[in-house]
Amino acid sequence: MSAPELIRIVSRDSPMALAQVERVRAELAALHPGARTEVVPVKTTGDKWLGDLSQVEGKGAFTKEVDAALLSGEADLAVHCVKDVPADRPLPAGTVFAAFLERDDVRDALVHPDGLTLDGLPAGTRVGTSSVRRVAQLAATHPHLRCVPFRGNANRRLAKLAAGEADALLLAVSGLERIGRPDVISEVLSPETMMPPIGAGILALQCRKDDTALIDAVSGLGHPRTHQEATAERMFLHVLQGHCNSPIAGYARVDRSGELSLRACVFTSDGKTRLNAHEWAGRLDPATLGTSVAVALLRQGAREIIDGIAH
Ligand SMILES: NCc1[nH]cc(CCC(=O)O)c1CC(=O)O
């Protein structure tokens, strides 16, 4: 299969996003040694606005400008963290996911300058995170800690931590690995302690729908197990129709025997109510599994919880 001669890759311009692009370029170079790539970095609304994301049309704040560059033809291939791509609505018309790369670590990490663990943090410790998912889970399990709003890309958050704006941080392990800072991790939190978000650790390659040559060329970078997991997780979120202030967590996993399962939770903002569901796919395809888990949570009252949270 021959690849287009020049592939222009658009992405956010944060250090994490640019590291992600470098992974894509390396995998592309291995698969298509003849293809040249060029990077088109863009700043997104989510990078520029450091206040509350719900005030800037939260969802899509990290993807809108990237999608626009793809659709206008300024670039040919977009690299997204699946976690940042809204799942309640379809992808922008005229675009498709051409591949999901092999998934990285799905877990969150605690970053504490003195290496304390989550259970070792003293009462009143200020934990920097603006994630409603992390806030709700911490409120439930560690009510003596205090979450303080913390935005900005991962490097900036580490700088703000060093400047004393918080005592500890919660960040994705995969993100810290991508920016070359796994050294700051004081504890990796199990998914039971801190249920990850939909799409955690997965990079998606997005193309224009009519660019079949490029779609064919990059589809070889796709990872089948990750594809199943991403499909189940995104369908789950699509059926649930959450909003940017609704704490929702969950992850699908293909185990060693090849069986796909999806576990997921919906929380109230204070973490006091937590709905749980966990199902195995059996003979269901991944998307139907996602639907089934969402329906299981809706039967338990997820709609009322989600709609009861201001947004
Ligand atoms: N919201 C920003 C964001 N989007 C994706 C990741 C982590 C990497 C990934 O899951 O692909 C992060 C940083 C974080 O939450 O710590």
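Both ligands and their constituent atoms are indexed starting at 1 by order of listing. Index from 1, following the sequence.
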**Study point:** Any side-chain donor near an acceptor of the partner, T44 and E65, under 3.5 Å
**Key:** no
In ligand 1, the atoms that come under 4.0 Å of a heavy atom of A200 are 10 (O)
Next item on the list: Give yes if a backbone or side-chain nitrogen or oxygen of L203 is under 3.5 Å from a nitrogen or oxygen of ligand 1, and no if not.
Entry: no
### Query
Has ligand 1 got any nitrogen or oxygen that is less than 3.5 angstrom from a nitrogen or oxygen of G175?
no
among protein heavy atoms, the one nearest atom 10 (O) of ligand 1 is G201 N, 2.8 Å
Closest to atom 5 (C) of ligand 1 among protein heavy atoms sits C81 SG, 3.5 Å
Exactly one candidate in V82, V218, V24, V79 meets side chain to side chain contact (heavy atoms under 4.5 Å, CB included) with L101; the answer is V24
Contacts satisfying salt bridge (charged side-chain N to carboxylate O under 4.0 Å, His left out) that involve residues 259-281 (not counting sequence neighbours) are none
Enumerate donor-acceptor pairs with a distance under 3.5 Å from any side-chain N or O in residues 9-20 to protein atoms, sequence neighbours excluded.
residue, atom, partner, partner atom, Å
R12, NE, D47, OD1, 3.3
R12, NE, D47, OD2, 3.3
R12, NH2, D47, OD1, 2.6
D13, OD2, K43, NZ, 2.8
S14, OG, A17, N, 3.1
Q20, OE1, R178, NH1, 2.8

heavy-atom search around atom 15 (O) of ligand 1 in the protein gives K83 NZ, 2.4 Å
The closest protein heavy-atom partner of atom 1 (N) of ligand 1 is D84 OD1, 3.5 Å
For L171, the atoms of ligand 1 under 4.0 Å from one of its heavy atoms are 16 (O)
| query | Do R25 and T37 have side-chain atoms, one donor and one acceptor, less than 3.5 Å apart? | reply | yes
Is there a polar contact between ligand 1 and R12, counting only N or O atoms under 3.5 Å apart? no
For R178, the ligand 1 atoms with a heavy-atom partner under 4.0 Å come out as 8 (C), 9 (C), 11 (O)
So, T288 versus T291: side-chain donor-acceptor pair below 3.5 Å or not?
no
Ranked by distance from atom 13 (C) of ligand 1, the top protein heavy atom is M16 CE, 4.0 Å
When distances are taken from atom 7 (C) of ligand 1, the protein heavy atom at minimum range is A172 CB, 3.6 Å
Rounding to 0.5 Å, atoms SG (C147) and CZ (R126) come to a distance of 12.5 Å
H243 versus D88, side-chain donor and acceptor atoms under 3.5 Å = no
Numbered in order shown, the ligand 1 atoms found under 4.0 Å of a heavy atom of R134 are 14 (C), 15 (O), 16 (O)
- Task: Determine whether L298 and V293 fall in the same hydrophobic cluster, where Ile, Leu, Val, Met, Phe, Trp and Tyr are linked whenever their side-chain heavy atoms lie under 4.5 Å apart.
- Result: yes
